[in-house]
Amino acid sequence: MTYNQMMSSEPRYRPVPLHRRWMNDLVHFGKKSHVMGYAWRINIAPLVEARTAAQPAIGWTAIWMKALALVGQRRPELRTAYLPFPWARLYLHPDSVLTVVIERAWRGAAALFFEQFAAPDKMPLTKLDDALRNLRKVPVENVGSFRRLIRFSRPPVLLRRLIWSLALYWSGPLRARYIGTAGINPFPTGGTITQSAMPASFMLYYGLVEPNGDAQIQIFYDHRIMDGIELYRILRDLEATLNRDIAAELRQHATDNAQGPSVPLAPAAE
């Protein structure tokens with residue numbers, strides 16, 4: 001039975017579907033996070049110009065992912081997690097692991113899934129973009145991280161919360177692998193998010209980019225890891241990275257496309 005069928009049939013009290021269970025678990029732990037919100041307006045006109053010239057255009061999610069991962073290699077706060085059990089400590093991961101929110105239709109309803117990308121700063125933008133597009137096309141059950149969410153949402157609530165707490169609170173490597181060191185969520189409606197329910201140390205929401213390059217972004221960060229002045233430095237670094245490193249890669253991509261694929265020389269006649 002699909003989600004829509006279940007919600008339109010009797011009885012009146014209905015079980016919580018799987019795709020709402022894992023969101024309920026995330027909200028449960030997100031409410032325990034000590035996050036602060038921050039909105040900032042940046043200008044990425046050089047990046048917009050480079051992206052327009054590099055056709056077919058690279059998706060914005062891939063661009064934000066790589067830029068944030070590049071900044072994360074210079075700013076260890078973006079690779080740090082606060083672990084409260086069995087004693088309070090900070091864990092620093094060697095590489096950036098970015099969690100990306102992917103909306104998919106599943107069992108007749110729109111469901112939010114999450115995929116982790118390890119060290120996206122070391123991947124070409126084209127490969128990142130292809131991987132993201134593939135996540136939106138392949139069957140949900142063919143993606144390991146999506147299957148894991150579904151599988152972990154089947155047990156009773158107490159067992160689910162124990163599993164989540166082990167990954168979030170006890171082990172730094174497990175948290176980085178399954179939760180990520182930072183998260184990215186596209187929010188292209190132009191609205192404003194007033195509260196985050198995600199148990200992430202650093203969550204970036206990006207919106208529409210205006211023709212002049214102005215872009216509104218929102219950050220929710222763990223105040224136990226960094227303060228507002230450090231976040232400001234990170235955002236300025238992110239803006240510079242987009243306009244410098246990412247724009248340079250897009251210009252190179254446009255140049256390579258203009259030149260076309262190289263044709264191998266024919267072997268010399270003997």
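Below, all heavy atoms of this structure are taken into account, side chains as well, without hydrogens, waters or symmetry copies.
- Atom OH of residue Y221 and atom CG of residue L78 lie 12.5 Å apart, to the nearest 0.5 angstrom.
- The shortest heavy-atom contact between R175 and S201 is NH2-OG, 3.3 Å.
- Smallest separation of non-hydrogen atoms from P199 and S33: CA-OG, 3.4 Å.
- Using a 4.0 Å cut-off between a side-chain N of Lys or Arg and a carboxylate O of Asp or Glu, R79 and D95 do not qualify as a salt bridge.
- Transitive grouping of hydrophobic side chains (ILVMFWY, heavy atoms separated by less than 4.5 Å) brings I219 and M36 into a common cluster.
- When only modelled atom types and interatomic distance are considered, N257 and H253 share a side-chain donor-acceptor pair under 3.5 Å.
- Of the candidates I63, L68, L70, K66 forms a side chain to side chain contact (heavy atoms under 4.5 Å, CB included) with just one, namely L70.
- Taking the six-membered ring where tryptophan is involved, the planes of Y205 and F220 are perpendicular, since the angle between them exceeds 60° and thus also 30°.
- For the side chain to side chain donor-acceptor pair (under 3.5 Å) test, residues two or more places apart in sequence or in another chain that qualify with R224 are D222.
- Of the candidates W60, W64, W40, W64 is the only one forming a ring-ring contact (aromatic ring centres under 6.0 Å, His included) with Y206.
- Every residue meeting the side chain to side chain donor-acceptor pair (under 3.5 Å) condition with Q116, not counting sequence neighbours, appears here in chain and number order: T99, R148.
- For the residue pair S171/Y91, the side-chain donor-acceptor check at 3.5 Å is not satisfied.
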### Message
As a quick check of understanding, evaluate side chain to side chain contact (heavy atoms under 4.5 Å, CB included) for V100 and L132, giving each step before the final call.
### Response
CA-CA 9 Å; V100 182; L132 288 165; 4.1 Å; yes
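- Counting only distance, with no hydrogens or angles, the side chain of R160 and the backbone of P155 share a donor-acceptor pair below 3.5 Å.
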### Query
Going through the distances and angles, do L98 and F202 end up as a side chain to side chain contact (heavy atoms under 4.5 Å, CB included)?
CA-CA 10 Å; L98 296 192; F202 188 96; over 6 Å; no
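- A distance-only check finds a donor-acceptor pair linking the side chain of R104 to the backbone of L135 [under 3.5 Å].
- A salt bridge between D237 and R233 is absent, with no side-chain N of the basic residue lying under 4.0 Å from a carboxylate O of the acidic one.
- In this structure, E49 places its CD atom where only 12 or fewer heavy-atom neighbours from other residues, nucleotides or ligands lie under 6.0 Å away.
- Judged purely by atom type and a 3.5 angstrom limit, S145 uses its side chain to pair as donor or acceptor with the backbone of F114.
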### Message
With side chain to side chain contact (heavy atoms under 4.5 Å, CB included) as the criterion, how do E141 and W106 come out once you've worked through the C-alpha distance, each side chain's angles and the decisive distance to 0.1 Å?
### Response
CA-CA 10 Å; E141 288 76 9; W106 185 63; 2.9 Å; yes
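- Checked by atom type, the side-chain pair R161/H28 shows a donor-acceptor distance below 3.5 Å.
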### Task
Go through L26 and M23 one step at a time and tell me if the side chain to side chain contact (heavy atoms under 4.5 Å, CB included) criterion holds.
CA-CA 5 Å; L26 284 171; M23 292 307 301; 4.0 Å; yes
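- In terms of heavy atoms, I225 sits closest to E77 at CG2-O, 3.9 Å.
- Across all non-hydrogen atoms, the minimal contact from L128 to P120 is CD1-O, 3.7 Å.
- Counting all heavy atoms, side chain and backbone alike, N243 lies closest to I44 at OD1-CA, 3.1 Å.
- The two residues I58 and A62 have their closest heavy-atom pair at CG2-CB, 4.1 Å.
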